[in-house]
Every structure is written in structure tokens, then in C-alpha cells.
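Just so it is clear, the model here is predicted, and its values are computed rather than measured. For reference, positions follow the sequence shown, starting with 1.
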Amino acid sequence: MAMTTASVPAAAGPGDLHGHVAELHVIKARAVAGPSEKATAAQHAKGKLTARERIALLLDESSFTEVGQLRRHRATGFGLEAKKPYTDGVITGWGTVDGRTVFVYAHDFRIFGGALGEAHAAKIHKIMDMALAAGAPLVSLNDGAGARIQEGVSALAGYGGIFQRNTRASGVIPQISVMLGPCAGGAAYSPALTDFVFMVRETSQMFITGPDVVRAVTGEEITQNGLGGADVHAETSGVAHFAYDDEETCIAEVRYLLAMLPSNNRESAPEVDCDDAVGRRSDRLLDIVPADGNRPYDMRRVIGELVDDGDFLEIHERWATNIVCALSRLDGRVVGIVASQPQSLAGVLDIEASEKAARFVQMCDAFSIPIVTLLDVPGFLPGVDQEHGGIIRHGAKLLYAYCNATVPRISVILRKAYGGAYIVMDSQSIGADLTYAWPTNEVAVMGAEGAANVIFRKQIAEAEDPEAMRARMVKEYKAELMHPYYAAERGLVDDIIDPAETREVLITSLAMLRTKHAELPSRKHGNPPQ
């Protein structure tokens, strides 16, 4: 039952401190219990945990300290004056994850459907300010019905304060949004401003305008999950970085991600002891990666061979699958990995892959995470849709992100690296600290077949046997300009390495670069392509 003014226990006498303490415990117990057992049962019936159950899963046991537990709204009218529950529908505070401080706020859907009002927003503003001041990550557990209509524009202003703080904290502390219920209208912009978005299938949705509005305006029929469910945002829109089947798994993965991130931009990511030998050879790489540049393979298997114990966390696993972005460790130290994925679209760069990688590179640079780039890229995806969709503008986002990054950057060319995609994928010419290549590398403006057709067009057309002439010209072009040592001879590659030694080369190179210091020109901020 929600507490009203009439339900507050009678005040103790002025000299009775024991009575005051007893009264306090009663009030706090009611605040913790929530509105009613019926409301809790309804939440569980939807396959959803309560806000406090979620916080208990996220934080180390008994580490949560609550702030603003006794806060109540002060709105009147529309029946609100008779319903003033403690917490006002959001639980805020801090605790620890693996012993490190983390701030959290969690909407309580049992109270006003988790809708945001003036007092509700003020609590979130305070905890966001505290997280930024303390230099600790902020996790939001979202399960709210949007702005509290009964409070009018005051509720909308509350969202503005959240957005402003999201932006101010961007690149300073990690911000993680966990979607565990509905998130509609302007409320969806806060998760979009954060570093990572987690969603749970069937129970969480995000959209600006819901199915009813879509139906009224466009005549289209669609369900909430079809419009903005976890799979839609993980595979199609790219709004969600992760999607899971249940809340327990989702929140466990949030804890795993936090273990990979520093508390703020002035600290390094946590290091762990590593039993995986620095000099461990990875001879299986010789079998995983075919020498034939036209044959596909799974780049994730390559990453698994290189990183500590084969363990890595892929970001945006199901969106823009032609590029892989992952957090992992080399010799116990966190690294960000950007890699072509020949198994999907032959690993070409397109609009979505460029955006995905650019965002990831910016995140790594903001939090001082070194970047390793694994190249096997045939170029940018050609096509009218790509050109009209702005591949120039979107591809430039990745170029800008790499050029702007001051963290240690190492690139490895496994097989091919052609054209503009080679330049954009952290080539030495845009600031990679070290560039290595395998003996199968081909670095060129384009593939030999395409180059021969352009350069030797006239000779091929005039030849008695055009196909034989084309084959001879392709072979000649490869021998002259695409042999494995061409780029190294011209200083564009620092060394040709044994693939089996890639792990050791990366670890020793990153150890040398740990003291790297680079500064950008003095400016308010750049103007990246949008």
C-alpha cells in the first residue's frame, strides 16, 4: 500500500529518542517494501524483477547505500496529493562492483509506472552529479513509462536535466543504460547519450513514438517488440549494444563490462593477473586464416587465439557484422580490438560498420584503452544505396575517430588492405604507432584484377587473347606492386611477422607504448562529420 500523509506513524514525544528511532525504522521499512505485495506480484508476473532486486544483482552483496529514500513528490491535483509514496518511483545510491564504487539509479515500475516527475528527476540529477564528482561509473536500470503527465512541464524539464548531465559526463565516467522495461518518447534519448545500452528480450522496448502513434500517422501495424524490442535494436538500428534473454544474465554481463572499464578518464582500466604466457605461439592461426584472400574465415577465431585465455567481450555483436569490435585483455591489460570480419560481406566497410567502429574507437580513446586493429579489408562497399546514404560522411567518422585518438594504436594486416579502407582502418599515415603485417599481406589501391583492368585496359582490348593478356597483367601487377614486402620496403609497415608470434609482438609493443604521451591542438572541441 502506498504511503500517504495519513499513514505516517504518530510522532514520538520530544524527549523520546528511542521512539524517534523506532518511527524511523518503520518508515524506512515501508519505503523498502514498496507500494504493495500485489504490485510486486504483478511485476514478477511480467517476468521482471523489482528495482531493489535488480540493484542487489548488480552490486556486491550488502554494499548499497541509498540516497533520497524518503523523498516524496509535492505535486497536487489529479489525485496526486493523496498518493505520496516514499522514493517517488526511483531508487538511487551507490555501492561496489568487484570492490569498485559504482553509482546507480533504478526506476520502480510499481510506483506510478516508474514515470518521471519533479522529485523523481531531482533524485536522478543528484546521483548523476555525485557520480561525476566522485569519478565513478553510473548505471541506470530503466523501467519507466516516461514523463509523469500529472506534473506537466516540470516532468519534461527533469528529462532536460538528465540529458545535460549525460552529455557533461560523456567521456569522463562510463555510463551504462540497462533497459528492463518500456522507454518511450524523450526518455529514450538518455540511453542514446550513454556509452553502452543493454536490453532484455520481450520485456524491454525503446521507441520515440509507440505503435498507436505509428498506426495513426502512417497506418502501419506493428507490435511494441517489433517496433523497438531488444532484437530490433541489437540487429537493425544499432541502438542496443547487447541483448539477453533474461534480467539475471543481462545484469551479470553489466558487471563483466564494468570489470573492463576504468572508473573514469583519469584512471586506467583494472589489470588482472594473467597465466596465459606472453610468448605463447598461436600456430593454429596458420590454419584459421586461408592464404587465398578470397576465402572467408571467422575473425573472432583469430581474436580468440591472440587474447588472454581466448576471452573477449564483443560489442554490437549482431549489428554491422562485417566489422568486429571487442574489449579483451593482453597480458592482463585491457585493449580494444577493431577487426575486419571476412565472414560477413567479405569484411568490407559500409555505413553501419563505419559508425560502429568509430563510436567504439572514440570510447576507447576517451577511457585510455589501447586500440589494436586487425585488417583484412577489400575496400568500401560499392552501391547507389551506400553513396546516397552518405558513405563518404559516415566513413569519415571512422577516419576522424582514429585520427583524433591519442591512445596507443597498433594495426596488423593479416591479408588484404585495399584503397581508402586501408587508410581509414588506422594506417600508419593517419597515426598508427606501429603497423605489422603477415607474410600474406597485400596492401594496394585495389585488387590486382581491378587494377590491371584500369591500367592495362588498352593492351587487354587490343590483344589477340584478351583473357590471357589480362591474366599476365594481373600477375605482373602483383609481382611489382602487391608482393608481401612492398609496403615494408616503403616504410608503410614496420615489420613482417610470423602470424604465430602476433600475440607476443602485440604485448611487447603495447608495453613499450604504455608511456606514450600525445596531445591534440588546443581547441574547444573538434567538429566531427555527422
- [ ] Flag the pair Leu327 / Ile369 as yes when at least one side-chain heavy-atom distance between them is below 4.5 Å, and no otherwise.
- [x] yes
Task: pair Lys46-Thr203: side-chain heavy atoms closer than 4.5 Å - done: no
Open item on the list: Salt bridge check, Arg215 against Glu220: does any charged N sit closer than 4.0 Å to a carboxylate O?
Closed with: no
Task: Salt bridge Asp60-Arg255, side-chain N to carboxylate O under 4.0 Å - done: yes
- [ ] Could you verify whether a donor N or O on one side chain and an acceptor N or O on the other, from Thr223 and Asn225, lie under 3.5 Å apart?
- [x] no
Open item on the list: Using 0.5 Å steps for rounding, measure from the CG atom of Asn142 to the OG atom of Ser177.
Closed with: 5.5 Å
Task: Heavy-atom neighbours of Asp275 CG exceed 12 at 6.0 Å - done: no
Open item on the list: salt bridge (Lys or Arg N to Asp or Glu O under 4.0 Å), that's the test. Do Arg329 and Asp276 meet it? Break it down for me.
Closed with: CA-CA 11 Å; Arg329 284 189 169 90; Asp276 196 349; over 6 Å; no
TODO: Could you tell me the separation between the OG atom of Ser170 and the CG atom of Asn265, rounded to the nearest 0.5 Å?
DONE: 10.0 Å
TODO: Determine yes or no for a side-chain-to-main-chain donor-acceptor pair under 3.5 angstrom, with Glu355 supplying the side chain and His394 the backbone.
DONE: no
Open item on the list: Checking the side chain of Lys397 only, and the main-chain atoms of Ala358 only, is there a donor and an acceptor separated by less than 3.5 Å?
Closed with: no
Open item on the list: Suppose the criterion is salt bridge (Lys or Arg N to Asp or Glu O under 4.0 Å): which pairs have a residue in residues 406-420, not counting sequence neighbours?
Closed with: Asp376-Arg415, Asp376-Lys416, Arg409-Asp426
TODO: Using a cut-off of 6.0 Å, state whether more than 12 heavy atoms not belonging to Asp292 lie near its atom CG.
DONE: yes
Open item on the list: Could you report the tightest heavy-atom contact between Tyr297 and Val302, atom names first, then the distance?
Closed with: CE1-CG2, 3.9 Å
Task: Minimum heavy-atom distance between Val334 and Pro270, given as atom pair plus value - done: CG2-O, 3.9 Å
Open item on the list: Using side-chain heavy atoms (C-beta onward) and a distance below 4.5 Å, is Ser204 in contact with Pro182?
Closed with: no
TODO: With rounding to the nearest 0.5 Å, note down the distance linking SG in Cys183 to CZ in Phe207.
DONE: 9.0 Å
Task: Heavy-atom check, side chain of Met128 versus side chain of Asn166, under 4.5 Å - done: yes
Task: Side chains of Gln428 and Asp494, donor plus acceptor under 3.5 Å - done: yes
Open item on the list: With side-chain hydrogen bond (donor to acceptor under 3.5 Å, both in side chains) as the rule and sequence neighbours excluded, what pairs involving residues 508-520 come up?
Closed with: Glu271-Arg514, Asp433-Lys516, Tyr436-Ser509, His517-Glu519
Open item on the list: Using modelled atom types and a 3.5 Å cut-off, is there a donor and acceptor pairing between side-chain atoms of Asn264 and backbone atoms of Val172?
Closed with: no
Task: Nearest atoms (heavy-atom pairs only) where Val377 meets Gly347 - done: CG2-O, 3.6 Å
TODO: Considering only NZ, NE, NH1 and NH2 on the basic side and carboxylate oxygens on the acidic side, decide whether Lys48 and Glu247 come within less than 4.0 Å.
DONE: no
Task: Test item: Ser328 side-chain N/O and Asp311 main-chain N/O as donor-acceptor pair under 3.5 Å - done: yes
- [ ] Report the C-alpha separation of Phe196 and Leu257 in whole Å, then their side-chain angles, then the decisive distance to 0.1 Å, and conclude whether the side chain to side chain contact (heavy atoms under 4.5 Å, CB included) test is met.
- [x] CA-CA 9 Å; Phe196 299 97; Leu257 173 60; 3.7 Å; yes
- [ ] Drop me the distance from Asn322's CG to Met299's CE, to the nearest 0.5 angstrom.
- [x] 12.0 Å
Open item on the list: Using 0.5 Å steps for rounding, measure from the CD atom of Gln164 to the CD1 atom of Ile162.
Closed with: 11.5 Å
Task: Heavy-atom pair of closest approach, residues Ile497 and Thr502 - done: CD1-OG1, 3.8 Å
Task: Of Thr194, Leu258, Leu138, the residue whose pairing with Ile176 passes side-chain contact (heavy atoms from CB on, under 4.5 Å) - done: Leu258
Task: salt bridge (Lys or Arg N to Asp or Glu O under 4.0 Å) partner of Arg503, the single match among Asp309, Asp498, Asp308 - done: Asp308
TODO: Would you kindly say whether Tyr418 and Glu442 are connected by a side-chain donor-acceptor distance under 3.5 Å?
DONE: yes
Open item on the list: Please determine whether side chain to side chain contact (heavy atoms under 4.5 Å, CB included) holds for the pair Gln386 and Phe380, giving the CA-CA distance in whole Å, both sets of side-chain angles, and the decisive distance to 0.1 Å.
Closed with: CA-CA 9 Å; Gln386 289 289 307; Phe380 281 94; over 6 Å; no
- [ ] Decide side chain to side chain contact (heavy atoms under 4.5 Å, CB included) for Met206 and Val197; before the verdict, give the C-alpha distance in whole Å, the side-chain angles of both, and the deciding distance to 0.1 Å.
- [x] CA-CA 11 Å; Met206 297 173 66; Val197 176; 4.2 Å; yes
Task: Side-chain donor or acceptor of Asp283 paired with backbone N/O of Arg281 under 3.5 Å - done: no
Task: Smallest separation among heavy atoms of Cys364 and Val407, with atom names - done: O-CG1, 4.1 Å
TODO: Apply the test side chain to side chain contact (heavy atoms under 4.5 Å, CB included) to residues Asp331 and Leu510: give CA-CA distance (whole Å), side-chain angles for both, the deciding distance (0.1 Å), then the verdict.
DONE: CA-CA 10 Å; Asp331 195 28; Leu510 287 170; over 6 Å; no
Task: Exceeds 12 heavy-atom contacts within 6.0 angstrom, atom CZ of Arg523 - done: yes
Open item on the list: Whether the side chain of Lys356 engages the backbone of Trp319 through a donor-acceptor N/O pair (distance < 3.5 Å, no angle test) should be reported.
Closed with: yes
Task: Check: Leu414 main-chain N/O paired with Thr440 side-chain donor or acceptor under 3.5 Å - done: yes
Open item on the list: For Ile392, I'd like to know if atom CD1 has over 12 heavy atoms of other residues, nucleotides or ligands within 6.0 Å.
Closed with: no
Open item on the list: Given 3.5 Å as the limit, does a donor-acceptor pair link the side chain of Gln205 with the main chain of Glu202, or not?
Closed with: yes
Open item on the list: When you compare the side chain of Leu398 with that of Met425, does any pair of heavy atoms fall below 4.5 Å?
Closed with: yes
Open item on the list: I'd like to know if the side chain of Asn441 reaches the main chain of Trp438, judged simply by a donor and an acceptor atom lying under 3.5 Å from each other, with no hydrogens or angles considered.
Closed with: yes
Task: Pairwise side-chain contact, Ser427 with Leu492, heavy-atom cut-off 4.5 Å (strictly under) - done: no
Task: Spatial distance of atom NE2 (His525) from atom CG (Asn404) [nearest 0.5 Å] - done: 12.0 Å
TODO: Search all heavy atoms of Leu227 against all heavy atoms of Thr209 and return the closest pair with its distance.
DONE: CD2-O, 3.3 Å
TODO: Could you tell me whether the side chain of Val361 reaches within less than 4.5 Å of the side chain of Ile371, counting heavy atoms only?
DONE: yes
Task: Side chains of Pro370 and Ile410 in contact at under 4.5 Å (non-hydrogen atoms) - done: no
Open item on the list: Determine whether a donor-acceptor pair (N or O, by modelled atom type, separation under 3.5 Å) exists between the side chain of His316 and the backbone of Cys325.
Closed with: no
Open item on the list: Around atom OH of Tyr189, are there more than 12 heavy atoms from other residues, nucleotides or ligands closer than 6.0 Å?
Closed with: no
